[in-house]
Visitor: 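Just dropping this structure here.
When a residue number appears, it is its place in the shown sequence, counting from 1.
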Amino acid sequence: MVNLVEEWEILEEYARDKQGLYQILYHAKGVEIRVSVGRLGFKKEFESAEDPLLKRILRFCNSQRYVKVSENIRNEFFFK
């Protein structure tokens with residue numbers, strides 16, 4: 001289970017020197033980003049990929065070398 005925080009700054013401060021994952025999802029109405037660090041997570045939808053907060057989050061994830069997740073699959077379906 002991931003406990004979601006509402007403000008990016010909270011996760012950013014907590015995340016220092018911890019391993020993390022992030023995912024970018026593209027929707028008809030914009031872009032969604034999800035970031036997970038330990039048991040904390042952050043997710044937010046943006047109308048534009050040019051949003052300053054979205055760019056800040058992506059810079060942070062890249063600078064911390066977080067792993068970019070492309071999609072999810074249940075364990076029992078991963079290997080056939």
Side-chain angles (χ1 to χ4, degrees):
M1 176 181 289
V2 175
N3 297 303
L4 296 176
V5 297
E6 292 184 16
E7 301 295 327
W8 167 250
E9 293 79 10
I10 293 170
L11 187 69
E12 189 175 39
E13 183 65 31
Y14 169 80
R16 299 290 179 192
D17 300 324
K18 293 180 176 73
Q19 294 179 339
L21 305 169
Y22 73 102
Q23 184 176 38
I24 303 171
L25 303 168
Y26 296 94
H27 305 291
K29 56 184 175 179
V31 181
E32 179 180 355
I33 189 159
R34 298 178 181 194
V35 183
S36 172
V37 180
R39 297 189 62 181
L40 290 184
F42 174 84
K43 70 176 190 169
K44 185 171 177 77
E45 290 187 22
F46 298 91
E47 292 181 6
S48 167
E50 298 302 314
D51 186 281
L53 178 57
L54 177 59
K55 287 183 170 188
R56 174 180 168 181
I57 294 168
L58 289 172
R59 276 193 309 272
F60 180 84
C61 290
N62 288 322
S63 71
Q64 296 296 313
R65 297 181 164 222
Y66 284 5
V67 175
K68 184 177 180 183
V69 175
S70 60
E71 64 180 291
N72 303 313
I73 188 168
R74 294 177 60 99
N75 290 344
E76 56 266 22
F77 298 120
F78 187 72
F79 290 111
K80 295 183 179 188

Visitor: Which value, rounded to the nearest 0.5 Å, describes the distance between Ser36 atom OG and Lys18 atom NZ?
Guide: 12.5 Å
Visitor: Nearest 0.5 angstrom please: Phe79 CZ to Ile73 CD1, how far?
Guide: 10.0 Å
Visitor: Hey, is CD on Glu76 packed in by over 12 heavy atoms from elsewhere, all under 6.0 Å?
Guide: yes
Visitor: Of all heavy-atom pairs between Glu32 and Arg34, which one has the smallest distance, and what is that distance?
Guide: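 Glu32 and Arg34 have their closest heavy atoms at OE2-NE, 2.9 Å.
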Visitor: For the pair Glu13 and Glu7, evaluate side-chain contact (heavy atoms from CB on, under 4.5 Å) and give the outcome as yes or no after the intermediate values.
Guide: CA-CA 11 Å; Glu13 183 65 31; Glu7 301 295 327; over 6 Å; no
Visitor: Atom CZ of Arg39 and atom CE of Met1: how far apart are they, to the nearest 0.5 Å?
Guide: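 Reported to 0.5 Å precision, the distance equals 8.0 Å.
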Visitor: So how far is it from Gln19 CD to Gln64 CD, rounded to the nearest 0.5 Å?
Guide: 11.0 Å
Visitor: Show which residues join Ile10 in its hydrophobic cluster (side-chain heavy-atom contacts under 4.5 Å, direct or indirect), or state none.
Guide: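 Same cluster as Ile10: Val5, Trp8, Leu11, Tyr14, Tyr22, Ile24, Tyr26, Val31, Ile33, Val35, Val37, Leu40, Phe42, Phe46, Leu53, Leu54, Ile57, Leu58, Phe60, Tyr66.
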Visitor: Quick check: are there more than 12 heavy atoms from other residues, nucleotides or ligands sitting under 6.0 Å from NZ of Lys68?
Guide: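 No, NZ of Lys68 has 12 or fewer neighbouring heavy atoms, counting only those of other groups under 6.0 Å.
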